[in-house]
Amino acid sequence: MAMNQTVLSMVIEVQPQSAALLRGHVSDFRAAEEATTPKYVRLREAIPSLHFMSMTVSDDAAYDPVFVLEANFDGPPGPFWALLEAAIGPRLRDMFRCAKPPGDGAADLFAAVTADGSTAPIAPLLAACTITPAVFHQGNRGLDRPRIDAEAALFLAARPLADAPTLRALTPAAIHADLRASLLPQFPWLNATPPPRIGMLENLGDLGRLAGFIVVALAVLLAPGVVLGLACKSVWLPTMLALAAISFGLHLRDLNGPSQRWSLASGAAGALALLTLAAILWSATPWGSALRSTIAADHPVVFWALVAVLGPAAVATWVLVWLRLLERSDPSQDDPPMDEAALLRIARSEDQTVQNHMISIVHIKPGVLRAVLVRAGLWGLGLLLRVIAHDGYLGSMRTIHFAHWAIVSNGGRLMFHSNFDSSWESYLDDFIEKAHGGLTLAWTGGVGFPATRFLVQDGATHGRQFKAWARHSMTESLFWFSAYPSLTVNQIERQARLAQGLRQATMTEPEAQAWLLDL
Amino acid sequence: MAARSLAVEGSPPPESWRLDPACAAQTQGLLVSPFGHLEAGSALFLTLPDKAGGGWLKALRAAIPITDATGKTSPCTAIAFTDSGLAAMGLESAALSSFSEPFVEGLFQADRRRRLSDEDSLVVAGGPLWGGGTTKNTPTLAVVHAVLLLYAEDAATAAALGAKAHAALAANRIFVSRQIATSLMFDQAGIAREHFGFADGISQPTPFGASIQTPGGAPMPPDPWHGMAAGDILMGHVDAHGEPAPGPLVQESAAAATLPQGNAPEGFRDLGLNGSYLVIRELRQDVARFWRSMDTAVATLADPAIESTGLAQRAVGRTLNGDVLSPNGPLPPQGGQPQNSFGYLARDPHGFGCPMGSHIRRANPRDGLAPTPKLGPDLLHAANNHRIMRRGRKFGAPLADPRLDDGQDRGLLFMALNTDLVRQFEFVQQNWMLNQTFAVLFDETDPLLGPAGPFTLPATPLRRRAQVETYIQLVGGEYFFLPSLPALDYLGGLT
């Protein structure tokens, strides 16, 4: 069975006065785990399913601080919470004591966990405070921690063997056979077949969920036309829908240019659509029977086909006009305030290994359209990534181990976590240069985000503004654990290819030559 | 964003370029030219007294004019200032903090040193020996406030120019804390070489934008291989992000009235327009150690096909004469010059010719980081967003016997112009040069600049791994502001 990875965050509000104490608890935890030799080995061994974990206390002028625990691990949450509690239970309990009691159903759990001398299990509280990501992305899908560890050890063992000058006289297939024979005693698992990285059921599930999303989206677009069609089977309905779509479409074109106004053509089409709507309403009354056409009765297929095409067109163009009007007047922040001391703390913790971590929390723009689009956009993006980003690539970039967006604070804020390779600057440049569409879609709902067009255009390509905005939204990662801090996503894939080749008893010469490039 | 034209291997090299005349008259000549016609020169690193004001600069420019970008002259000069230098001259603190963060923090700020690997074995003992000494910096022995660069046809003219500069500086109690005689080190064939023996300064970006022209005055078309937005070397011009590259501002005042409005908001004047940031790093090269390291590595490799020069060429990625290595032998020169219109993806995707981790492939990966052929143009375009304009010169005499050290100082005075220090110079240094995981490599860095370690030579059937040592060390360095001529006038008026 393929092993799935879980990506989640636990978020709880902090008593403001206790925030400093909580930071102290987290820092103590970090210091204790860094004091082991090698660093973090205790945690690494205590939770063999854990890939990455971070703890942050995030401040915000409009909110009390929140405590965020982000975890990326193998398998479902239940066993992971149990392992985490077994490893650091007392520390977690102290941390929770700095939090505000949750106002919802978790209040009882919280009281039990934080009571003086309590030994009540913490795992249920962790589970109750968990927030499921709105969208997440994973670089090395289907590789669990034990497998990454094992393949890393294999890579390190194979590399010096390949330095032997005697091997160069052999053919690629003979080199493969030689290396396999040398490594098999130390790595007997090379004789076993690993589970598929992404099982067939999972693939089907991903496809099904994406298809479901598309069906729901289409249904939402269809619904208004269908309702109107059921209420009024008049020839005027398709006419009105067509005029509305034309009017909104023309206006949309205007909105992309410098003009703010409705153009004459767009306005005229809009006015005609309104007149038609009035005619429909009138014809729907008993007195308007003269205007009532029987197209629906005579040609039901034609009628419903027209409604099915023109209805969604009118709704979609209307939503886009609404969105575009909002986007044009959205305030984007040129010069977000930066706390120099905080930035220095962030910089200090960065670039210590080949990986880095970031957490960012931003406010979500107001309004009902934004509330819907933020959720629908993230939901759709997440489902799409599951289907198209199997190999970890976002466009041409493959530097993300685990990243996720989650909506927090009752829909008021958007939280982003990423565990990525290389420097923060290069990560952001990658987004700006190579994958700005998806990123813009995910973040365009953030207050102050650079000016965007149609949800996915511009936005992050305003490189300087975007970097400043992203930087200012970040919080220092007080605690950050990576189970394999020297490995990039690409290196993990390279190791996986190397291992896959060594599992094969024989290879053809061309196969072996291609495989040897990874050594 | 400029429309992209298709990059074709072996296409003719781009025409030379110039600034439009109005802009050229305001810009220092170093921005448009490495002064390749002037072989000799020197770099004078200046230390100012407290409250130095700008009078000394005025007096210096009266004795030695600072070269503008309007045409070829001789001799040539350039001047640039550190953050601490501008502070010593009395630039207002609001203006100082309008410079970019790396400039204000300094090259040797602790986190920056870690990011750029300016630590441990890569710095000379007790170093860095000089820097801008801003408050956040690692303290250095010598604190540098400004650099005066002098260029002349020969050593004698350069010395005379230097003496004139010294006199003008001494008269104003400006201390020359470090002086480095520089040269281009042309060999008899007229090839400029660095101390290890390699032709250098071969590949440069070609700017394009509203202010960039061909020699005939026509708009400069973006070069498909090496095109760089003008704003990536000129503050106030449109940069790779499609926005005017930000520069420092000063508050509106009578003294600032001669500064252009440029991109400055209401109440300010543009101090940065037509200026740039100049990165200077004094890199000491241990030539004998380099060649002995190659000898040792070759002995360990035990491959009769690889001798020391061959390994050194693989480490650089070019032949000694500058031709890029390719799977079927070096690319032939084009019009007497090493060919430079090339990518890696189609011809050498695995680095069998020019290794993935070689110096030139790290310094500019071109299209070589693309995971699929289709993405080549995107990655080439992305790589060109991180280019720097190099203006380096060599110092010290060539070593007579390349394997026998003579105890003399020699190396490269690395100089590079860019407007976004983080996106350009620092990115190249951190994410390409010294990145241990560059291009799916593991645990190795640049074979020339990096610490001792492995260097992978891709080959069939099996790659080789050479063990290389450290033979280039950082002596000192800093980020400088290279002002426009109007900005120099303004700085000269500071009290």
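By convention in this document, chain letters (A, B, ...) are assigned in the order of the sequence lines, proteins followed by strands, and residues within each chain are numbered from 1.
B:Thr437 has its side chain out of reach of A:Gln355: every pair of non-hydrogen atoms, C-beta onward, lies at least 4.5 Å apart. Between B:Leu375 and A:Lys434 the shortest side-chain heavy-atom distance does not fall below 4.5 Å. Looking at heavy atoms from C-beta onward, B:Pro461 lies out of side-chain contact with A:Leu170 at the 4.5 angstrom threshold. The shortest side-chain heavy-atom distance between B:Asn431 and A:Tyr427 does not fall under the 4.5 Å cut-off. Taking 4.5 Å as the limit, some side-chain heavy atom of A:Lys467 sits within range of a side-chain heavy atom of B:Arg423.
From B:Arg115, atom CZ reaches atom CG of A:Asp351 across 6.0 Å, with rounding to the nearest 0.5 Å. Of the inter-residue distances, the one linking B:Asp378 atom CG with A:Glu433 atom CD reads 10.0 Å to the nearest 0.5 angstrom. Going from atom CG of B:Leu462 over to atom CG of A:Leu179 covers 7.5 Å, rounded to the nearest 0.5 Å. For the atom pair CZ of B:Phe442 and CG of A:Asn490, the computed distance is 12.5 Å after rounding to the nearest 0.5 Å. Taking CD of B:Glu105 as the start and CD of A:Glu340 as the end, the distance is 8.0 Å to the nearest 0.5 Å. Interatomic distance, CZ of A:Arg168 versus CG of B:Asp303, reported as 5.0 Å (0.5 Å rounding).
For B:Phe352, the part sitting under 4.5 Å from any heavy atom of chain A is the side chain, from C-beta outward, and nothing else. For A:Asp429, the part lying near chain B is the side chain, with the backbone staying farther off; criterion is any non-hydrogen pair under 4.5 Å. If you measure heavy-atom distances from B:Leu441 to chain A, the contacts under 4.5 Å come from the backbone alone. For a residue to count as touching a neighbouring chain, one of its non-hydrogen atoms must lie under 4.5 Å from one of that chain's; by this rule A:Phe466 does not touch chain B. Heavy-atom distances place the side chain of A:Leu517, and not its backbone, under 4.5 Å from chain B. Both the backbone and the side chain of A:Ser426 come within less than 4.5 Å of a heavy atom of chain B. Looking at A:Arg159, the atoms closer than 4.5 Å to chain B (heavy atoms on both sides) sit in the backbone and in the side chain alike.
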Checklist entry - Going through the distances and angles, do B:Val440 and A:Glu493 end up as a side-chain contact (heavy atoms from CB on, under 4.5 Å)? => result CA-CA 10 Å; B:Val440 204; A:Glu493 290 300 326; over 6 Å; no

Item to check | A:Glu350 and B:Asp111: CA distance, side-chain angles, deciding distance, side-chain contact (heavy atoms from CB on, under 4.5 Å) verdict | outcome: CA-CA 8 Å; A:Glu350 282 176 337; B:Asp111 298 310; over 6 Å; no

Item to check | Steps toward side-chain contact (heavy atoms from CB on, under 4.5 Å) verdict (B:Arg463, A:Leu516) | outcome: CA-CA 8 Å; B:Arg463 90 289 186 276; A:Leu516 280 173; over 6 Å; no

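No other option in A:Gln352, A:His462, A:Arg398, A:Glu509 has as many heavy-atom pairs under 4.5 Å with chain B as A:Gln352. Each of B:Ala302, B:Ala382, B:Pro454, B:Ala370 has some count of heavy-atom pairs under 4.5 Å with chain A, and the biggest count is that of B:Ala382. When A:Ser486, A:Ala512, A:Ala347 are compared by the number of non-hydrogen pairs under 4.5 Å with chain B, A:Ala347 comes out ahead. Counting heavy-atom pairs under 4.5 Å between each of A:Arg494, A:Gln491, A:Arg464 and chain B puts A:Arg464 at the top. Among B:Arg112, B:His350, B:Arg464, the residue with the largest count of heavy-atom pairs under 4.5 Å with chain A is B:Arg464.
In terms of heavy-atom proximity, A:Ser423 sits nearest to B:Gln430 at CB-NE2, 3.3 Å. Here the closest non-hydrogen pair linking B:Arg114 and A:Arg348 is NH2-O, 3.2 Å.
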